[in-house]
Number of protein chains: 2
Amino acid sequence: MSYANDMPTVEAVSRTDAGLAAELRTSVMRLRRRLSVERHPDNQLSIGSMVVPGLLHRNDAQTVGELARAEKVQPPSMTRTVTSPEDGGFVTRRPHETDGRRVVVEITDWGARRCWPTASAGTRGSPCS
Amino acid sequence: MSYANDMPTVEAVSRTDAGLAAELRTSVMRLRRRLSVERHPDNQLSIGSMVVPGLLHRNDAQTVGELARAEKVQPPSMTRTVTSPEDGGFVTRRPHETDGRRVVVEITDWGARRCWPTASAGTRGSPCS
DNA sequence: CGGAATAGTTAGCACGACTAATGAGTTACG
DNA sequence: CGTAACTCATTAGTCGTGCTAACTATTCCG
């Protein structure tokens with residue numbers, strides 16, 4: 001009873017469009033489940049919330065709309081996604097300098113240290129690892 | 001304003017463990033969101049429910065526990081996941097021949113035709129594509 | 001000034017996952 | 001045998017993540 005016998009390969013079962021689509025769906029869903037669980041025990045941020053510091057690491061000080069477009073979600077989704085790292089003190093909301101409609105999200109010093117520690121310090125326990 | 005300028009690469013930003021983990025999370029979550037939306041309009045099964053006919057296509061007549069282990073989810077999750085394709089007539093539940101605790105899930109003829117049409121017929125509108 | 005457009009939020013829903021607890025059936029052992 | 005321990009599936013309740021619809025506040029423009 002080998003792994004190969006238990007686990008039909010794509011060649012064996014899924015040469016149709018529907019079969020390949022099913023393989024892809026199953027694989028991606030499993031990977032996402034795994035990623036949402038495989039995080040450091042100290043980590044208080046969920047997989048969705050961890051995305052926000054990641055986006056701000058690339059470009060700090062982005063509006064909610066920019067974050068939503070970057071992550072390809074609707075604005076209300078990003079509004080809620082930002083709430084948890086904000087409550088945790090990782091990021092802050094502040095009004096835009098010139099446009100009163102916009103809200104700028106920035107990473108805090110503390111959040112940056114927690115999420116992106118220096119290489120020498122390692123990333124053990126980082127909320128983003 | 002090119003794609004390359006807007007989209008920092010892994011090389012540019014994410015050489016740390018935390019950075020690579022963030023890249024992976026973001027990519028997988030986006031792909032899953034996309035897959036859950038990208039299905040044929042005729043398709044009445046959600047992404048989670050589509051997994052069940054796929055598993056039964058490999059091995060028909062599996063118990064709820066076997067499906068849960070194959071998909072690496074907890075049994076209660078699979079119990080609920082099976083409900084929707086069962087209500088849609090794609091699969092059936094029946095008691096196990098010898099073990100009264102077990103429940104066997106099988107794909108119906110109709111479900112098999114709908115999910116895995118012959119190659120010549122194509123898979124347009126298949127609940128599994 | 002006043003209407004249209006834009007940005008963000010709130011509220012409510014769907015879906016997929018989990019844990020804890022329950023019921024029903026099987027197995028093992030004294 | 002008969003009961004205690006175990007296994008399997010389900011129910012109930014919760015959380016996280018996405019959506020749409022509707023609302024508020026602000027800005028833009030004619």
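Lettering follows sequence order; numbering is per chain, from 1.
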Open item on the list: Is the shortest side-chain heavy-atom distance between B/R32 and B/I47 below 4.5 Å?
Closed with: yes
Task: Ion pair A/E23/B/R58, N-O distance below 4.0 Å - done: yes
Task: Sugar-phosphate only, base, or nothing, as touched by A/T98 at under 4.0 Å among non-hydrogen atoms - done: sugar-phosphate
Task: Considering all heavy atoms, the nearest A/C115-A/F90 contact - done: SG-CD2, 4.0 Å
Open item on the list: Once you apply a heavy-atom cut-off of 4.0 Å, does B/T63 come out as touching a base, just sugar-phosphate, or nothing?
Closed with: sugar-phosphate
TODO: May I have the distance from A/H96 (atom NE2) to D/dT27 (atom P), rounded to whole angstrom?
DONE: 11 Å
Strictly under 3.5 Å: I want the nitrogen or oxygen pairs between protein and nucleotides 5-7 of chain D, one per line.
residue	atom	partner	partner atom	Å
D/dT7	O4'	B/R101	NH1	3.3
D/dT7	O2	B/R101	NH1	3.4

Open item on the list: Holding to side chain to side chain donor-acceptor pair (under 3.5 Å), I want the full list of residues that pass it with B/Q74, two or more places apart in sequence or in another chain.
Closed with: none
Task: Touch class at under 4.0 angstrom, heavy-atom based, for B/R69 against every strand present - done: nothing
Open item on the list: Checking B/T81 now: which residues fulfil side-chain contact (heavy atoms from CB on, under 4.5 Å) with it, not counting sequence neighbours?
Closed with: B/V52, B/M78
I'd like a table of atom pairs between the protein and nucleotides 15-18 of chain D - only N or O on both sides, under 3.5 Å - with the distance next to each one.
residue	atom	partner	partner atom	Å
D/dT17	OP1	A/S46	OG	2.9
D/dT17	OP1	A/I47	N	3.3
D/dT17	OP1	A/G48	N	2.6
D/dT17	OP2	A/S46	OG	2.6
D/dG18	OP1	B/R33	NH1	2.4
D/dG18	N7	A/R80	NH2	2.9
D/dG18	O6	A/R80	NH2	2.8

Open item on the list: Need one value for A/T83: base, sugar-phosphate or nothing, where a base atom within 4.0 Å counts as base even if backbone is also close, heavy atoms only.
Closed with: nothing
Task: First and last nucleotide of DNA chain C, 5' to 3', lying under 4.0 Å from heavy atoms of chain B - done: C/dC15 to C/dT26
Open item on the list: Pair B/T92, B/V105 - check side-chain contact (heavy atoms from CB on, under 4.5 Å), show working.
Closed with: CA-CA 6 Å; B/T92 55; B/V105 183; over 6 Å; no
- [ ] Please work out which of the three classes, parallel, tilted or perpendicular, describes the rings of B/W116 and B/H57, given edges at 30° and 60°.
- [x] parallel
Task: Contacts of type salt bridge (charged side-chain N to carboxylate O under 4.0 Å, His left out), residue B/R69, not counting sequence neighbours - done: none
Open item on the list: Regarding A/E71 and B/R33, does a basic nitrogen lie under 4.0 Å from an acidic carboxylate oxygen?
Closed with: yes
- [ ] Check every strand shown and say whether A/S36 touches a base, only sugar-phosphate, or nothing at a heavy-atom separation below 4.0 Å.
- [x] nothing
TODO: Taking the side chain as every heavy atom from C-beta outward, state whether A/Q62 and A/V104 have any pair of such atoms under 4.5 Å apart.
DONE: no
- [ ] Answer yes or no: does atom CZ of B/R34 have more than 12 heavy-atom neighbours from other residues, nucleotides or ligands under 6.0 Å?
- [x] no
